Amino acid sequence: MKATSRAFKANARHALGDPNLQRAMVNLRTGFAERRAHAVAQLPEWEELREQAVAIKKDALAHLDFYLEAFEQKVIANGGQVHWCRDAAEANETVLAICRRLGAKTVTKGKSMIGEEIGINDHLAANGVTPVETDLGEYIIQIRHEPPSHIIAPAVHLVKEQIAQSFRETHRDLDPARPLMDSRQMCDEARAVLRPRFLAADVGITGANFLVAETGSSIIVTNEGNGDLTQTLPKAHIVLASLEKVVPTLEDATTILRLLARSATGQEFSSYTTVSTGPRRRDDADGPGEYHVVLLDNGRSALLGGEFEDMLRCIRCAACLNHCPVYRAIGGQSYGWVYPGPMGSVLTPSLIGIEAAGNLPNASTFCGQCESVCPMKIPLPKMMRHWREREFQRHLPPPAYRLGLAAWAFFARRPALYRLVADVGARVLGVIGRGRGRFRALPLAAGWTQTRDMPAPEGRSFMSLWVERQSQRKPR
Amino acid sequence: MTEKPRVALFVTCLVDLFRPSVGFAAVKLLEDAGCTVEVPRLQSCCGQPAYNSGDRHSAQAIARTVIAAFAGFDYVVAPSGSCAGMIKVHYPVLFADDPSTADQARELAGRTYELISFLVDVMKVERVTARYDGVATYHDSCSGLRELGVKAQPRRLLASVAGLTLKEMRDCEVCCGFGGTFAVKYADISDKIVGEKTDNIRASGADTLLAGDMGCLLNMAGKLERDGDPTKVRHVAEVLAGVAGPALGEPGDGA
Ligand code: SF4
């Protein structure tokens, strides 16, 4: 996917002025944040569970090579195949090669953020293979030719009128007078349209929430059951997974699953949890003829052992997005790449470079809400700060900003000089602002005063007043 | 009787520059609680703007002056969760590459507190004698809440203020959109976030907004004023100490 993270500010401005998006984002709070809070409050062992999950992932990351090789051996023993891919291009080629060998015309897809990351749909389409998204949200953005705005609810930025309109424009063979008012009707319509495509598909692609080293299984969770059809009906099931998805045992996966649904949607468990282990065996009633795992690195192994390693614990629950005031204000597409919100602001610079993604770690108030809800206890603000440090070292922030900061720091680190300046500054600002009690415009803070006043100082610095009062208190 | 604890007030740059009354309110509250208060003269800022802008070097230089200025006191207290959090939580991390300063930073962190939580948790203050006639709502500033656990303490003391009723607003724990330089660098996003905050403030039915951090207060007050909203905005310490000058942004005769 082509990144527009450089244009973050313009993207955000556009989003702030989009009434549909603003209306849609209101649902995020009731739909996700409040439900999560309720689910977490119901579970007394929540904190303990977090600790366990963090320990599991830390162990998995510390011995990543071991667990991945163990996983591969199990997959092979089950009759499947693992394809190690360094980057997006290798992964795309691998998937295309499988499709070509099987003479695939249509590919059904379950939701996969890795699919978005490598741009698999475009690659397949450009090579004569038609990808069909089967997750309702993914299907909606596919027919609208939009990137996802959320990692578990890709169409969350849309209101239902927009979706109905897209359905009418796309499903032209249906009765134009049909009612399409509520989500039930739209869901049914999508189902009816997708059903024959499941049957026609030659290859099914899904993502993976976990890879299990112990059994060689991949696990996905969905609420629509589309993943099951995607992977059992076609000739081949391809799993797109990044390498940090591996956990040692099935037991470990279930521990983390207890956190995942609660953090994501406030459910105790997602409606469908599907474990796939190899292709169809002789006695199985159904299942794919082939089972492939496309294991993607794409820059992740470079994070091991560094200051961003903790990010590899992420289970993509989206709690950090749902609770982020910035994400809630501007939606996910403003971030300009696959992963939005706080987790994206840490991950995106690691994957596409800080030059392209520099705005993202800066566009945070550091309110800390993301870290406090993250089930995997990932210190997201700390890692955004690390990015800011790298950026600063490389002189990437705008010169005016750096100059202002340097001037301020010059005084701040020299308290005696600072006192002189602050005492005078307080008086000057106080005299100017005294009459009204506030400023309606201020140089250097034009962004602020465009929409907010700046309360005026009281007129003297605390320190100068304090010194005065002290000398009155104890006359010499 | 044990000796009175010697407390150094870390004024914070925004209180120093914008609102000395908060500093004097803090001194009064600390003295009423039985502390001897001193204000080291050679203080400027905690260094957070540099730290959060990725300028680790300047942040360290500023932090060193803070460590020096506040050596030897029993406690260091700031009327701000953000600045206290910077010293308490971030200074030790800031010097991870400099073990000897890191030791000093940890030592300072161990005796540094945000004002209201210090009064309640350390000085065991249970009530104040102030009076404030009004209905207030309290915004939980992010660093105080999430880094230092400031939540119950201000509410507990506010409950003892004669004439004051506390009405909680919706989402009182959600960020106000200030975020230091964020409010200027990403002004339109910041404005959207503070707009939601002031909607919640209005909906609470309170006539007064209180919080424990000047940055957030300036942001919310600025938005309310621009919208012509008459809600009074004050630092929580002013109300607890019974200081009654003009509210933030109200015209005054200067201090
Ligand atoms: S960073 Fe944490 S909260 Fe955000 S998606 Fe990943 S696991 Fe969930």
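Each chain gets a letter, A, B and so on, in the order the sequences are listed, and its residues count up from 1. Quantities reported herein were computed from a predicted structural model and do not represent experimental measurements.
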Will you find, in the side chains of B:Y186 and A:N359, an N or O donor that is under 3.5 Å from an N or O acceptor?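 Present: a donor and an acceptor within the cut-off.
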Could you label the plane-to-plane angle of the B:F24 and A:F462 rings as parallel, tilted or perpendicular, counting under 30° as parallel and over 60° as perpendicular?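 Rings of B:F24 and A:F462: tilted, as their planes differ by 30° to 60°.
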Side chain, backbone, both or neither: which part of [X] has an atom under 4.5 Å from a heavy atom of chain B?
X      : result
A:R440 : both
A:V467 : side chain
A:S334 : neither
A:W408 : side chain
A:A12  : side chain
A:F410 : neither

Positions in residues 77-90 of chain B that reach chain A, provided some heavy atom is under 4.5 Å away: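 Checking residues 77-90 of chain B against chain A gives B:H90.
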Which residues, numbered in order, of residues 47-56 of chain B come under 4.5 angstrom of chain A by heavy-atom distance?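 The list, in residue order, reads B:G47, B:P49, B:A50, B:Y51, B:N52, B:S53, B:G54, B:D55, B:R56.
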So for [X], is it side chain, backbone, both, or neither that comes closer than 4.5 Å to the heavy atoms of chain A?
X      : result
B:D171 : side chain
B:T65  : side chain
B:E250 : backbone
B:R41  : both
B:V194 : side chain

Rounded distance [0.5 Å steps], CD in B:E173 versus CD in A:Q369: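 B:E173 atom CD to A:Q369 atom CD measures 7.5 Å (nearest 0.5 Å).
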Report yes or no: does [X] contribute a side-chain atom to a donor-acceptor pair with the main-chain N or O of [Y] at less than 3.5 Å?
X      : Y      : result
A:R413 : B:R64  : no
B:S44  : A:A412 : yes
A:K9   : B:K185 : yes

Just wondering, do B:S190 and A:R452 contact through their side chains at under 4.5 Å, heavy atoms?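 A:R452 reaches B:S190 side chain to side chain.
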Check this for me, if you would: do A:K382 and B:E147 make a salt bridge, where the nitrogen-to-carboxylate-oxygen distance has to be below 4.0 angstrom?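 B:E147 and A:K382: not salt-bridged.
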